[in-house]
Structures are given as structure tokens and as C-alpha cells.
Amino acid sequence: MGTAGRETRERLIETAERLFATEGVYGVSLREIVRASGARNVTALQYHFGDRHGLLRAVLERHRAEVESARHALLDAYEAGERDDVRALSAALVRPLAAKLAYPSGRAYLRILGELVNRPEPLIGRATVSDPADSTYRWRALTAPLLEEDATRLHRRFVAVRFTMIELARRAQSGPHADDRLFTGHLIDLVAALLLAPLSTETLRLAAERDRERIP
């Protein structure tokens with residue numbers, strides 16, 4: 001790919017990131033993205049990304065490596081400490097994403113993540129549930145032994161991930177803010193509390209009823 005092709009590709013990604021964040025991932029047409037990017041026609045987008053989902057993947061990949069590296073470093077520190085600390089694990093989930101609040105592209109990324117995870121059928125990367133090299137997969141594995149078995153069965157970890165992303169998306173939409181430290185620290189506290197919240201007798205009874213109904 002020549003210099004002109006790389007520049008066009010980057011402009012399309014930057015434009016899509018901005019418009020996906022402000023208009024919604026499915027609220028903006030591909031033609032609008034092409035026109036706003038300055039590319040000559042829609043075939044440029046098709047050439048570089050194939051379709052909307054290919055473009056969305058490229059937008060998310062702009063940030064993935066940085067988030068993965070930061071979270072793995074926090075999980076390395078957690079394991080080196082040899083301690084069962086739900087707040088430390090909550091920080092490992094939150095802080096790599098919260099760092100994105102500091103700049104416009106990062107805030108756009110968080111808004112996109114918030115939309116994807118809050119859909120009726122959330123769009124979650126397969127790696128988070130199937131790839132041991134993925135930081136969220138690793139986070140889930142380290143968190144599971146610290147939770148009640150029933151909490152794990154009721155997808156408490158996914159709820160924590162979704163809550164984290166939605167709250168960060170809300171913060172990103174209202175930003176930029178002069179200082180995100182208090183917000184981030186409080187969000188970590190809330191995630192830790194969510195993970196450890198005891199299950200009520202009512203919830204356990206209803207879960208048992210649901211499981212019985214599922215048995216053929």
C-alpha cells in the first residue's frame with residue numbers, strides 16, 4: 001500500500017471513530033463517513049475495510065494494544081503480590097480504559113465501547129471468552145475464584161465489565177474533565193462492590209427455579 005493509500009485508510013478510521021461516537025455505530029451511513037473523510041468515493045472504504053464491521057474492527061484496534069498492555073501489567077503486579085484483592089482486580093479492569101478519558105480519540109473509543117456492550121445482544125470480542133492471551137480473559141480467570149459460585153453462574157463478571165464500559169462512556173460523553181481521578185477511583189470501588197455483592201435469598205430461589213425449568 002502506498003503513502004496515499006495509507007493516508008486515506010487512516011483518515012477513514014479517524015472519521016469513522018468520530019462519527020461512530022457521536023452518531024452511533026449504526027446511525028451513520030458509510031457514504032457519510034467517506035464524504036466526511038475527504039475520500040473520493042465509497043469504494044475506498046470497501047477496498048480498505050470491506051464493510052461496516054471491518055471498519056469498526058479497525059477503529060477498535062487503534063486502542064486495543066495499549067489497553068491490553070496496561071491491563072496485563074496490572075494483572076502481572078496482582079499475581080506477583082500473591083494476594084486475593086478484588087479491588088486490585090477491579091482496578092486492572094477499569095484503569096486501562098479510564099486512561100482513555102484523557103484525549104479526544106480515547107473518549108470516542110469509550111463511547112463506542114459503551115454502545116456496543118449496551119446493545120440487546122452485546123457485541124463482545126470472542127477473545128475475551130476464548131483466548132487465554134487476552135487480558136479480559138485473564139482478568140475473568142483471576143476474578144472467578146474470589147466470587148461466590150452462584151455469582152459467577154449469574155454472569156457477575158460480565159455485569160462488571162458492562163457497568164465499567166457504560167460508566168466510562170457516560171463520562172467520556174460529558175467530558176473532557178479537568179481531573180478524572182476521583183471518578184476513576186470511585187468507579188473501581190463500585191466495580192469491587194458489584195463483584196462481591198451477596199446474593200439474596202430471593203435471587204437464589206429464582207435462579208434455582210430457572211435452572212429447573214431448563215432441565216429437559
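Position 1 is the first residue of the sequence, and the numbers go up from there.
More than 12 heavy-atom neighbours from other residues, nucleotides or ligands sit within 6.0 angstrom of CD on Glu209. No more than 12 heavy atoms of other residues, nucleotides or ligands shown are found within 6.0 angstrom of CZ on Arg181. Within 6.0 Å of CZ on Arg153 lie more than 12 heavy atoms contributed by other residues, nucleotides or ligands.
The main-chain N or O of Val86 is never found under 3.5 Å from a side-chain atom of Tyr78 such that the two would form a donor-acceptor pair. Judged by distance alone, with hydrogens and angles left aside, the side-chain atoms of Arg52 form a donor-acceptor pair with the main-chain N or O of Val25 at under 3.5 Å.
Side-chain atoms of Arg9 and Phe49, non-hydrogen and from C-beta on, do get closer than 4.5 Å to each other. His63 places a side-chain heavy atom less than 4.5 Å from the side chain of Ser105. Side-chain contact between Arg138 and Glu68 is absent, with no heavy atoms from C-beta onward closer than 4.5 Å. Proximity of Leu93 to Leu89: side-chain heavy atoms (C-beta onward) are nowhere separated by under 4.5 Å. Within the 4.5 Å cutoff, the side chain of Trp139 has heavy atoms near those of the Val161 side chain. At least one side-chain heavy atom of Leu60 sits less than 4.5 Å from a side-chain heavy atom of Leu116. Side chains of Ile112 and Phe20 form a contact here, defined as non-hydrogen atoms less than 4.5 Å apart.
Linking ILVMFWY side-chain heavy atoms closer than 4.5 Å, directly or via other members, places Val191 and Leu154 in two distinct hydrophobic clusters. Under the 4.5 Å side-chain heavy-atom criterion for grouping Ile, Leu, Val, Met, Phe, Trp and Tyr, Leu56 is connected to Tyr109 within one hydrophobic cluster. Linking Ile, Leu, Val, Met, Phe, Trp and Tyr residues whenever their side-chain heavy atoms come within less than 4.5 Å leaves Phe158 and Leu199 in two separate clusters. In terms of hydrophobic clustering, with Ile, Leu, Val, Met, Phe, Trp and Tyr side chains grouped at heavy-atom distances under 4.5 Å, Leu146 and Leu74 are assigned to different clusters.
The nearest pair of heavy atoms linking Phe163 to Leu190 is CE2-CB, 3.9 Å. Nearest heavy atoms, Ala102 versus Arg107: C-NH1, 3.8 Å. When all heavy atoms of Ala169 and Gly114 are compared, the pair lying nearest together is CB-CA, 3.7 Å. Between Arg111 and Ala172 the shortest heavy-atom distance is CG-CB, 3.9 Å. Nearest heavy atoms, Arg87 versus Ala192: CA-CB, 4.1 Å. What you find for Ser90 and Ile188 is that their closest heavy atoms are CB-O, 3.7 Å.
Residue Ser135 forms a side-chain hydrogen bond (donor to acceptor under 3.5 Å, both in side chains) with just one option from Arg140, Arg71, His72, Arg64, and that option is Arg71.
The NE2 atom of His48 sits 9.0 Å away from atom OG1 of Thr43, with the distance rounded to the nearest 0.5 Å. From Thr22, atom OG1 reaches atom CD of Gln173 across 10.0 Å, with rounding to the nearest 0.5 Å. Separation of atoms CD1 (Ile166) and CG (Leu113) is listed at 11.0 Å; rounding is to 0.5 Å. Note that CG of Leu75 and OG1 of Thr143 are 8.0 Å apart. Values are rounded to the nearest 0.5 Å. Separation of atoms CD1 (Ile33) and CG (Leu12) is listed at 8.0 Å; rounding is to 0.5 Å. A distance of 5.5 Å separates CG in Leu30 from CG in Leu45, rounded to the nearest 0.5 Å.
Salt-bridge formation is not detected for the pair Lys100/Asp180: no Lys NZ or Arg NE/NH1/NH2 atom is positioned less than 4.0 Å from an Asp or Glu carboxylate oxygen. Between Arg171 and Glu167, none of the side-chain N atoms (NZ, or NE/NH1/NH2) sits under 4.0 Å from a carboxylate O, so this pair counts as no salt bridge. A salt bridge between Glu14 and Arg11 is absent, with no side-chain N of the basic residue lying under 4.0 Å from a carboxylate O of the acidic one.
Ring geometry for His53 against Tyr26 counts as perpendicular: the plane angle is over 60°, on a 0 to 90° scale with 30° as the lower cut.
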